[in-house]
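Here's the structure, in structure tokens; my notes come after.
Remember, predicted model here, so these are calculated numbers, not experimental data. Whatever order the structure lists ligands and atoms in, that order sets their numbers, starting from 1. Just so you know, these numbers use all the heavy atoms, side chains as well, and skip hydrogens, waters and symmetry mates.
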Amino acid sequence: MLLSTPETATGESFKKACRFSPSYMVKKIIVVGMGYVGIPAAALFADIEGFNVTGIQRRSNRSGWKIDWLNQGKNPIGGDEPGLSELIERVVKKGTFRVTEDFTECKNADVILIDVQTPTDEKGIPHYESLKEVSKQVGKNMKKGTMVILESTVAPGTTINIVKPILEKESGLSAGKDFSLAFSYERVMVGRLIKNIVHLPRIVGGIDDESSRRAVELYKHIVKERIYPTDILTAEVSKVVENTYRDVNIAFANEVALLCESLGVDVFRVREFVNTLPNDPSNPSSNPIRNMHFPGAGVGGHCLPKDPWLLKYGVDTYGTFKVEPHVVIESRKINMQMPIHMVDLLEEGLKEAGGKLKDAKVAILGVAFLENSDDTRNTPTKPLYEALKKKQAKPVLHDPYVRDFELPFTKDINEAVTGADAIILVTKHNEYSKLDLRLLKTKMRKSVLIDGRNAYNKDECEKLGFIYKGVGKPR
Ligand code: SAJ
């Protein structure tokens, strides 16, 4: 009998069913993977009285520096991240949080959270190299009675078919009997990492009641919203469906944007009107019926471009019969096409300005995939840059937040726009909305402005003499 409602987690029958230590016995927590998910989770648990947290991070060329940075109480995550820097400084000073690359730290851990990256390749196939390696190291070192929780997003079926067998083989223990195992997904977003962990409901899927109970008890310490226990597979499916739902909604908005461009109306006005539809007339304040998303220059991040493929992979690999997720896959294709649509808008704008793409200097504003963040994972800026290069244009990338990126970029806006034939806005960083367009125009060679995020007012730009093209704007 699996838990259905959170309340039962403290019921008498439950206490009797407890084979392992109740949560208040938890002392030592390990968090594997010091990234956008692992760091805020580790710091929040380290701030709980009596908890001691050790982060484990590979000393890789790309991320190894985070170990020393964090142990100095410094926040390695750039961009605007409310509350995170203070929290990290406090728990490191308190001595309840430190980071190492040594997996033997798992030997006396009560709880181990796994927060490693689970990327997919260009065919949508997941690559679990680091997940498998970490499961091996955790299995090798964990003790009987440990609670292992996978927080990384995976294809449905992965926890039971990949992680569990590795943990059991390496530890000689069996899940549910000698150790607890659960999958509980994160809902973090850059710019509100702490807020989304603390103030969003949490779904916890246990391999058995005991595992769900222990995981619910644990998260209660940092999650201030309802915690829903369920089984592992249902939780895995919920995560990828949750993000796929958003991706499909964005694809709908992007398709409507193209329709509006052709019809000559402003999609953002249409969106506003559509979203005014009152919810359920008898109770207008209840859950909204219409929430048309924002069309734009593309969909980036570690989640939305990947999770639909994880969903498909899970069904293709562990499903009992074949199902072709047409809506899901077509939506992915529409969203992946938006950076190319930006090139079409640019080509049209340059033609109107008496220019052409070949040898045109194009200032691309925004490398991060999300506004006011430094996160460049799967950013739509990359396919846009490559498409422009292919057409022999001269794109110059600019971003105020990003630290490092696989393509050359500048933090100097003048370097990017001086002598440019066109500006393309991809990421709606606040500083771009505050730009003095009149001044900017004086530095450019031609005055073409392509707006991928409805950041500027078409009429005002045209009054300033720009040739303005925007996603979802009349052409
Ligand atoms: N985007 C649009 N139109 C929109 C919303 C977003 O084009 O209306 C674009 C953004 O510009 C960005 C991409 O989509 O390029 C992703 O944006 P996001 O706001 O979804 O940000 P993520 O990917 O960091 O966060 C998502 C969230 N998932 C959902 O809201 C269902 C977050 O809750 C998850 O925790 C996160 O994925 C994750 O880690 O899975």
Review point. With sequence neighbours excluded, what pairs up with E242 under the side chain to side chain contact (heavy atoms under 4.5 Å, CB included) test?
Key: Y185, R187
Point to revise | Side-chain donor/acceptor of T118 to backbone N/O of T153, under 3.5 Å | key: yes
Review point. Salt bridge (charged side-chain N to carboxylate O under 4.0 Å, His left out): which pairs involve residues 447-457, sequence neighbours left out?
Key: none
Exercise for review: For the residue pair D80 and N372, confirm or rule out a side-chain donor-acceptor distance under 3.5 Å.
Suggested key: no
Check your understanding: With hydrogens left out, which residues have an atom under 4.0 Å from ligand 1, given that only heavy atoms count?
Key -> E186, R187, V188, M189, K239, E242, N243, R246, I250, H293, F294, G298, V299, G300, C303, L304, F369, L370, R453
Practice item. List for me each residue that meets side chain to side chain contact (heavy atoms under 4.5 Å, CB included) alongside S184, sequence neighbours excluded, and say none if there are none. Key: I149, R202, V204, Y219
Point to revise | Full working for side chain to side chain contact (heavy atoms under 4.5 Å, CB included) between L350 and I467 | key: CA-CA 8 Å; L350 282 170; I467 290 172; over 6 Å; no
